[in-house]
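We use all heavy atoms of the structure for the numbers below, so side chains are in, but hydrogens, waters and symmetry mates are not. No experiment lies behind these values; they were computed from the predicted model shown.
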Amino acid sequence: MRITILTLFPEMFTGFLTNSIIKRAIAKEAVSVNIVNIRDYTLDKHHRVDSAPIGGGAGLIMKCQPILDCLNDVKKDSSKTILLSPRGYTFNQAKAHEFAKEEDLVIICGHYEGIDERVNRYVDELVSIGDYILTGGEIGAMAISDAIIRLLDGSIASESIVEESFEDGLLEYPQYTEPSEYNGDKVPDILYSGNHEAIAKWRKKQSLLLTKEYRPDLFNKYELSKSDKKLLEESKNDSQPKWEATAINKGKKFIK
């Protein structure tokens with residue numbers, strides 16, 4: 001996959017491209033990421049890429065000419081072009097999967113008070129990363145690129161993706177590391193039971209409960225199975241369910 005990011009501030013992407021999963025994905029040729037400076041395409045003799053809004057108003061607006069000349073130079077027939085915009089569809093994990101299927105993705109970063117309205121006519125989709133104001137689209141472009149790249153074959157182990165938050169519509173279950181007890185706070189015994197079926201059941205139950213508590217918007221969209229409903233019903237009772245107690249008792253030799 002190829003991702004091309006059009007920006008006025010290419011230096012902002014240096015750390016992003018040279019660390020962690022992104023660096024490894026590029027090294028493995030799972031993706032190529034090209035950062036293109038919109039400023040290189042201005043025809044203004046003073047190299048300006050912005051000007052005051054026609055009709056008056058605060059701030060500066062990015063001109064359409066440098067953006068569109070830059071876009072025309074990098075865009076291919078197979079390109080999907082997105083513009084970071086508050087008007088856009090709010091980016092989520094489903095959208096990350098959709099974009100990860102593209103052969104060539106072009107992301108345009110706005111800046112200042114906005115961009116010339118005419119640029120909107122030349123893009124395939126408007127995308128937002130949330131209802132808040134940032135200085136420019138660069139951080140949004142990094143967030144979107146990161147979410148996409150980690151889904152590509154060769155970026156990370158496939159099993160690391162399957163049970164992450166939002167992949168099945170729920171938040172991820174609690175995770176723990178050693179020590180088994182810290183300041184009186186213990187790792188749940190079920191995780192030491194060695195019973196993988198019971199552990200998976202416990203984790204699903206925790207995912208349901210966490211999503212219901214912290215993200216009711218996601219929970220209300222999630223289609224509960226019969227087993228999900230049973231797990232939620234169990235949670236109303238303070239006592240330990242029989243299946244969990246049995247797994248823990250049988251795995252006592254592993255429990256710390």
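- Scanning for side chain to side chain donor-acceptor pair (under 3.5 Å) contacts around Ser51 gives an empty result, with sequence neighbours left out.
- Residue Lys212 qualifies as open at atom NZ: its count of foreign heavy atoms under 6.0 Å is 12 or below.
- Looking at heavy atoms from C-beta onward, Tyr222 lies out of side-chain contact with Thr211 at the 4.5 angstrom threshold.
- Once rounded to the nearest 0.5 Å, the distance linking NZ of Lys229 with CG of Leu208 reads 12.0 Å.
- Few gaps surround CG on Asn120; more than 12 heavy atoms of other groups in view lie less than 6.0 Å from it.
- In this structure, Gly130 and Ser128 approach most closely via the heavy-atom pair N-OG, 3.1 Å.
- Here the side chains of Leu224 and Leu232 are in contact, with some heavy-atom distance below 4.5 Å.
- Between Trp202 and Tyr176, the ring planes lie tilted relative to each other; the angle falls in the 30° to 60° range.
- Rounded to the nearest 0.5 angstrom, Tyr173 OH and Gln206 CD are separated by 11.5 Å.
- A distance-only check finds no donor-acceptor pair linking the side chain of Arg215 to the backbone of Asp217 [under 3.5 Å].
- Lys230 has no carboxylate O lying under 4.0 Å from a charged side-chain N of Asp228, or vice versa, which leaves the two without a salt bridge.
- Within a 6.0 Å radius of CD in Glu197, no more than 12 heavy atoms belonging to other residues, nucleotides or ligands are found.
- Shown here are the side-chain contact (heavy atoms from CB on, under 4.5 Å) partners of Thr18, two or more places apart in sequence or in another chain: there are none.
- Atom CG of Leu209 is separated from atom OG of Ser235 by 4.5 Å, given to the nearest 0.5 angstrom.
- Ser78 OG to Asp104 CG: the interatomic distance, rounded to the nearest 0.5 Å, is 4.5 Å.
- Remark: Lys242 pairs with no residue by the salt bridge (charged side-chain N to carboxylate O under 4.0 Å, His left out) rule, at least two apart or across chains.
- The stretch residues 79-98 participates, sequence neighbours left out, in these salt bridge (charged side-chain N to carboxylate O under 4.0 Å, His left out) pairs: Lys80-Glu125, Arg87-Glu117, Lys95-Glu98, Lys95-Glu125.
- Contact record, Ala141 with Ile107: CB-CG2, 3.9 Å, taken as the closest heavy-atom pair.
- Residues that satisfy the side chain to side chain donor-acceptor pair (under 3.5 Å) test with Asn237, not counting sequence neighbours, are Ser239.
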Give the table of side-chain donor-acceptor pairs shorter than 3.5 Å for residues 53-70, with sequence neighbours excluded, one pair per line with atom names and distance.
| residue | atom | partner | partner atom | Å |
| --- | --- | --- | --- | --- |
| Lys63 | NZ | Asp44 | OD2 | 3.4 |
| Gln65 | OE1 | Leu43 | N | 3.2 |
| Gln65 | NE2 | Tyr41 | O | 2.8 |
| Gln65 | NE2 | Asp69 | OD2 | 2.9 |

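- Residues Thr177 and Val187 share a closest heavy-atom pair of O-CG2, 4.2 Å.
- The number of heavy atoms from other shown groups lying within 6.0 Å of CG (Asp131) does not exceed 12.
- Under 3.5 Å, the side chains of Thr81 and Ser79 contain no donor-acceptor pair of N or O atoms.
- Looking at Tyr214 and Phe219, their side chains never come closer than 4.5 Å, going by heavy atoms from C-beta outward.
- Of the candidates Val127, Ile82, Leu83, Val36, Ile108 forms a side chain to side chain contact (heavy atoms under 4.5 Å, CB included) with just one, namely Leu83.
- For the side-chain contact (heavy atoms from CB on, under 4.5 Å) test, residues two or more places apart in sequence or in another chain that qualify with Leu134 are Ile129, Tyr132, Ile139.
- Shortest non-hydrogen contact noted between Leu170 and Ser207 is CD1-CB, 4.2 Å.
- Closest non-hydrogen pair, Pro174 versus Leu210, comes out as CD-CD1, 3.8 Å.
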Starting from the C-alpha separation in whole Å, work towards a yes-or-no answer on side-chain contact (heavy atoms from CB on, under 4.5 Å) for Asn19 and Ile22. CA-CA 6 Å; Asn19 287 281; Ile22 308 302; over 6 Å; no

Working for side-chain contact (heavy atoms from CB on, under 4.5 Å), residues Val119 and Arg121: CA-CA 5 Å; Val119 172; Arg121 303 175 189 174; over 6 Å; no

Sequence neighbours left out, cut at 3.5 Å: what donor-acceptor pairs do the side chains of residues 4-13 make with other protein atoms?
| residue | atom | partner | partner atom | Å |
| --- | --- | --- | --- | --- |
| Thr7 | OG1 | Phe9 | N | 2.8 |
| Thr7 | OG1 | Glu138 | OE2 | 2.6 |

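- Linking ILVMFWY side-chain heavy atoms closer than 4.5 Å, directly or via other members, places Leu105 and Tyr89 in two distinct hydrophobic clusters.
- Nearest heavy-atom pair across Ala247 and Ala198 is CB-CB, 3.6 Å.
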Test side-chain contact (heavy atoms from CB on, under 4.5 Å) on Ile149 and Ile26; report intermediate values, then the result. CA-CA 9 Å; Ile149 291 170; Ile26 293 171; 5.9 Å; no

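- The CD1 atom of Ile190 sits 10.0 Å away from the NZ atom of Lys205 when rounded to the nearest 0.5 Å.
- A salt bridge does not link Arg2 to Glu103: none of the charged side-chain nitrogens sits closer than 4.0 Å to a carboxylate oxygen.
- Scored by the side-chain contact (heavy atoms from CB on, under 4.5 Å) test, Glu181 finds Lys186 as partners (sequence neighbours excluded).
- Under the salt bridge (charged side-chain N to carboxylate O under 4.0 Å, His left out) criterion, no residue pair touches residues 20-42, with sequence neighbours excluded.
- Residues Leu218 and Asn220 are not in side-chain contact: their nearest non-hydrogen atoms beyond the backbone lie 4.5 Å or more apart.
- Residues passing the side-chain contact (heavy atoms from CB on, under 4.5 Å) test with Ala100 are Ile148, Leu151, Leu152, sequence neighbours excluded.
- Listed by chain and residue number, nothing satisfies the salt bridge (charged side-chain N to carboxylate O under 4.0 Å, His left out) test with Asp185 (two or more places apart in sequence, or in another chain).
- In this structure, Leu71 CG and Lys75 NZ are separated by 5.5 Å, a value rounded to the nearest 0.5 Å.
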